[in-house]
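Computation of the quantities below employed the complete heavy-atom set of this structure, encompassing side-chain atoms and omitting hydrogens, waters and symmetry-equivalent molecules. One-based numbering along the sequence shown. Since we're looking at a predicted model, the values are computed, not measured.
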Amino acid sequence: MREGLTARDARGDWRNCLFDNVNRPNVYNSRVSWYEKLGADYVELAFRAARAADPNIKLYYNDNNLEVNLHKAEAVRKMIQDINDRYKRETGGTRNLIEGVGTQMHIWDYNLNFNNVRQSLWILSTLGIEIVVTELDIPGPNYIQTYRHDTDMSERDAIAQALVYAR
């Protein structure tokens with residue numbers, strides 16, 4: 001899902017919340033996106049191809065910033081629910097196509113709103129599928145300021161970082 005979704009976006013069709021030829025991150029500017037080639041159903045097509053390749057594999061959808069933008073979490077929930085409902089209707093089964101959702105938490109700010117974390121996890125939990133934290137990193141403020149991986153962290157920053165991890 002693209003970043004910056006609004007409540008209006010989340011209330012609408014989840015397909016309008018995907019990266020497309022207009023709304024995509026800069027890293028994709030030099031490439032032709034899946035959306036451009038396959039349309040808005042590219043996510044479902046990828047999951048169906050994976051299921052066909054290995055019927056026993058457990059499939060997860062993975063995204064980031066779901067704890068930052070609850071509208072994005074809602075759009076992801078709607079997408080997974082829609083894909084799973086259609087898959088079960090078409091197969092006549094009870095197994096979901098997407099059996100888990102992964103959330104990447106790149107916490108750049110020690111002032112993270114932990115209520116948003118809880119709320120995003122609650123939104124996703126309504127799907128009745130497994131939820132996993134696939135990435136969790138909390139860089140120190142010096143890293144954020146300089147974007148350097150070798151920045152020394154003060155003891156004060158290390159304690160602050162540890163407290164955020166603990167929460």
If the threshold is 4.0 Å, N to carboxylate O, is there a salt bridge linking [X] and [Y]?
X: Asp9; Y: Lys72; value: no
X: Arg86; Y: Asp82; value: yes
X: Glu44; Y: Arg15; value: no

Below 4.5 Å, heavy atoms only, C-beta onward: do [X] and [Y] meet side chain to side chain?
X: Phe47; Y: Arg51; value: no
X: Trp14; Y: Gln81; value: no
X: Leu18; Y: Met1; value: yes

key: Stepwise side-chain contact (heavy atoms from CB on, under 4.5 Å) check, Glu135 with His106   = CA-CA 7 Å; Glu135 297 181 43; His106 306 293; 2.7 Å; yes
Using the rule that two of Ile, Leu, Val, Met, Phe, Trp, Tyr join whenever any of their side-chain heavy atoms come within less than 4.5 Å, decide whether [X] and [Y] are in one cluster.
X: Leu136; Y: Leu66; answer: yes
X: Val68; Y: Tyr165; answer: no
X: Leu163; Y: Met105; answer: no
X: Leu45; Y: Val76; answer: yes

ask   = With a cut-off of 6.0 Å (strictly less than), are more than 12 heavy atoms of other residues, nucleotides or ligands near CD of Glu90?
value =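 Yes, because the 6.0 Å sphere around CD of Glu90 holds more than 12 heavy atoms from other groups.
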